[in-house]
S.K.: 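I'd like to ask you about the structure that follows.
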There are 2 protein chains.
Amino acid sequence: MEGEPGRAVEARPHTVRLGVARYHDIAEAIRGAITRGLYARGSQLPSERVLSEEFAVAPGTIRQALGELETEGVLASRRGSRRTVIGEPRSAVTFEEFRSFAQWASSRGRVPAGQVISGVWQNASPLDREALRLPIAARVFCVVRVRLLDGDAIMVERTRYRDSVGAEVERIPSDCPSVTAWLAATAKITFSRAEHQFSACPAGAEDARLLDVRRGSPMLMHKRMSFSRDGVPLEWSVDRYVADTISLVVDNSLNANALRWK
Amino acid sequence: MEGEPGRAVEARPHTVRLGVARYHDIAEAIRGAITRGLYARGSQLPSERVLSEEFAVAPGTIRQALGELETEGVLASRRGSRRTVIGEPRSAVTFEEFRSFAQWASSRGRVPAGQVISGVWQNASPLDREALRLPIAARVFCVVRVRLLDGDAIMVERTRYRDSVGAEVERIPSDCPSVTAWLAATAKITFSRAEHQFSACPAGAEDARLLDVRRGSPMLMHKRMSFSRDGVPLEWSVDRYVADTISLVVDNSLNANALRWK
DNA sequence: GAGTGGTCTAGACCACTCC
DNA sequence: GAGTGGTCTAGACCACTCG
């Protein structure tokens with residue numbers, strides 16, 4: 001293992017280090033130990049009591065660290081039996097990466113780009129009003145973008161923003177690679193929760209023209225609604241990807257679920 | 001609220017009731033209070049201290065209950081500020097529902113059915129060996145099934161089982177609606193983790209014939225790998241759904257992710 | 001029966017938010 | 001400055017698993 005067990009925690013017993021929690025440190029240490037092969041897949045982890053002595057922390061702190069790893073699907077536990085090592089920790093996608101095309105692409109070492117096809121204000125349709133919980137006669141800002149990956153057009157994005165957000169989006173330069181990043185930096189608008197729906201559909205006429213595929217060819221459709229921290233819906237969007245350019249990976253266990261792109 | 005705060009917990013301070021944990025009870029009570037409109041969307045929940053007095057439990061127990069609700073995306077919290085109510089709790093899909101077509105359909109009040117097209121033993125291909133972590137010269141049991149929803153054929157499932165599981169699957173009656181349920185009940189084989197990948201693809205010749213769609217028409221492709229509790233891969237499968245018959249819903253927040261079908 | 005994880009108690013200090 | 005959530009301590013009993 002690692003983590004300097006005999007670190008002499010000093011008299012002050014529960015000082016939280018600035019920025020990083022101790023339990024997260026411990027999770028990181030165990031994660032690293034698994035990656036380095038110290039714990040083989042299928043083997044058993046030391047007990048919570050033993051770990052709490054090794055890391056010189058209270059049992060509850062160890063429990064928090066192990067909880068983090070179980071959520072990631074790296075460990076599995078059962079009452080009365082020792083925790084078993086499930087496998088290599090995966091680089092789970094962060095929320096930002098999953099929500100933002102640009103941030104996902106960058107984190108994978110690929111070059112994202114975007115091109116705005118149109119951006120207009122419209123009266124909110126019944127669909128808009130339901131999705132964004134708007135009153136009658138509200139307006140929405142509608143943007144159609146083509147997204148490029150390493151220079152290839154692979155996706156059409158049709159987004160509808162509520163007015164407060166739309167007013168900011170309207171000012172964004174049309175070649176800005178990441179709307180999400182721009183909104184966060186300039187307008188302090190951040191998305192804290194999103195709901196995604198995936199299905200397949202045939203390419204429409206506009207899709208075919210913008211992405212250079214045949215009409216009716218298969219596309220992965222991704223509907224998305226994003227919310228502020230207070231649960232206010234900020235935007236909803238329908239993205240259509242050319243088949244075989246991208247896929248969504250979902251990892252689920254009895255305890256929790258994790259997402260990542262591939 | 002509810003939960004009979006003055007329930008007279010008695011001298012024994014930490015007796016866990018059989019089956020249900022107290023923190024889960026409390027989460028359920030708060031969930032119910034939100035559903036019944038006692039806490040409006042966007043409003044603030046009472047503080048942890050107050051709740052711990054109302055429910056007559058230690059603060060840690062309240063914290064566990066609130067954690068459950070935050071994972072579901074019902075609540076959001078921020079240091080120094082009170083927890084805000086995000087919205088109606090969703091009926092998050094259980095792991096079993098997400099993995100099993102039959103269980104998902106049943107839970108939605110729809111009638112699932114399955115028909116085995118073929119079931120044969122084959123030598124494991126390189127793909128099989130990688131997915132199931134098998135040695136050279138291992139055998140896999142390959143099954144092709146058509147899945148029906150309310151009488152309509154909507155999906156072709158091509159599954160490959162490692163030998164120990166295949167031997168059991170071979171004995172399952174061909175009209176059995178739920179392979180998962182049969183395996184759990186009869187052979188005590190349960191899946192505890194799965195990895196899913198979604199993308200779009202055109203219908204192949206066999207898909208077209210079995211599902212009565214045109215070749216090349218759009219399909220939602222779902223690759224799936226299932227593992228035992230100890231991390232041993234038990235099966236992998238490629239399912240292809242007719243477009244617009246089904247879609248996957250993923251909910252993700254800064255803290256956690258939840259899944260459900262729609 | 002020894003050991004393990006799951007649950008729970010009853011406190012504490014700190015970082016942060018809001019007034 | 002008062003109050004809140006985030007983290008941590010140092011114990012406890014119970015249900016369960018395994019040898």
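Throughout, protein chains are lettered first and strands after them, A, B, ... in sequence-line order, and every chain is numbered starting at 1. Reckoned from all heavy atoms, side chains included, excluding hydrogens, waters and symmetry mates.
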S.K.: How many Å lie between NE2 on B:H24 and C1' on C:dC8, as a whole number?
M.R.: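 Interatomic distance, NE2 of B:H24 to C1' of C:dC8: 17 Å.
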S.K.: Atom CG of A:D25 to atom P of D:dT7: distance rounded to whole Å?
M.R.: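 The distance from CG of A:D25 to P of D:dT7 comes to 12 Å, rounded to the nearest Å.
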S.K.: Got a sec, which residues hit salt bridge (charged side-chain N to carboxylate O under 4.0 Å, His left out) with B:R160, two or more places apart in sequence or on another chain?
M.R.: B:D128
S.K.: Go through the structure and list residues passing ring-ring contact (aromatic ring centres under 6.0 Å, His included) with B:Y23, not counting sequence neighbours.
M.R.: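 Counting only residues at least two positions away or on another chain, B:Y23 forms no ring-ring contact (aromatic ring centres under 6.0 Å, His included).
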S.K.: Using the test side-chain hydrogen bond (donor to acceptor under 3.5 Å, both in side chains), find all partners of B:R31 that sit at least two apart in sequence or belong to another chain.
M.R.: B:E28, B:E68, B:E72
S.K.: Look for any protein N or O under 3.5 Å of an N or O in nucleotides 1-5 of chain D and output each such pair with its distance, or none.
M.R.:
from	atom 1	to	atom 2	distance (Å)
D:dG3	N2	B:G80	O	3.1
D:dT4	O2	B:G80	N	3.3
D:dG5	OP2	B:E48	N	2.9
D:dG5	N7	B:R49	NH1	2.7
D:dG5	O6	B:R49	NH2	3.3

S.K.: With a cut-off of 3.5 Å and sequence neighbours excluded, list every side-chain donor-acceptor pair involving residues 130-140 of chain B.
M.R.:
from	atom 1	to	atom 2	distance (Å)
B:R133	NH2	B:G231	O	2.7

S.K.: Could I get the full list of salt bridge (charged side-chain N to carboxylate O under 4.0 Å, His left out) partners for A:E48, not counting sequence neighbours?
M.R.: A:R63, A:R83
S.K.: Does the A:T186 side chain pair with the main chain of A:W182, one donor and one acceptor, at a distance under 3.5 Å?
M.R.: yes
S.K.: Measure from the side chain of B:T61, starting at C-beta and using heavy atoms only, and say which of D:dT7, D:dT9, C:dT9 lies closest.
M.R.: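 Taking heavy atoms from C-beta onward, the closest nucleotide is C:dT9.
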S.K.: Which residues pass the side-chain hydrogen bond (donor to acceptor under 3.5 Å, both in side chains) test with A:T159, not counting sequence neighbours?
M.R.: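 Counting only residues at least two positions away or on another chain, A:T159 forms a side-chain hydrogen bond (donor to acceptor under 3.5 Å, both in side chains) with A:E157, A:S237.
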S.K.: Measure CD/A:E53 against P/D:dA10 and give the value in whole Å, please.
M.R.: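 Answer to the nearest Å: 12 Å.
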S.K.: Can you check whether B:Y23 has a side-chain N or O nearer than 4.0 Å to OP1 or OP2 of C:dC8?
M.R.: no
S.K.: Rounded to whole angstroms, how far apart are CZ on B:R22 and P on C:dT9?
M.R.: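 Between P of C:dT9 and CZ of B:R22: 8 Å.
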S.K.: Taking only residues two or more places apart in sequence, or in another chain, which ones meet A:R49 in a salt bridge (charged side-chain N to carboxylate O under 4.0 Å, His left out)?
M.R.: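 None.
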S.K.: When Watson-Crick pairs (N1 to N3 and N6-O4 or O6-N4) and G-U wobble pairs (N1-O2 and O6-N3) count only below 3.5 Å on both distances, what is the dot-bracket string of DNA chain C, with | for other-strand pairs?
M.R.: ||||||||||||||||||.
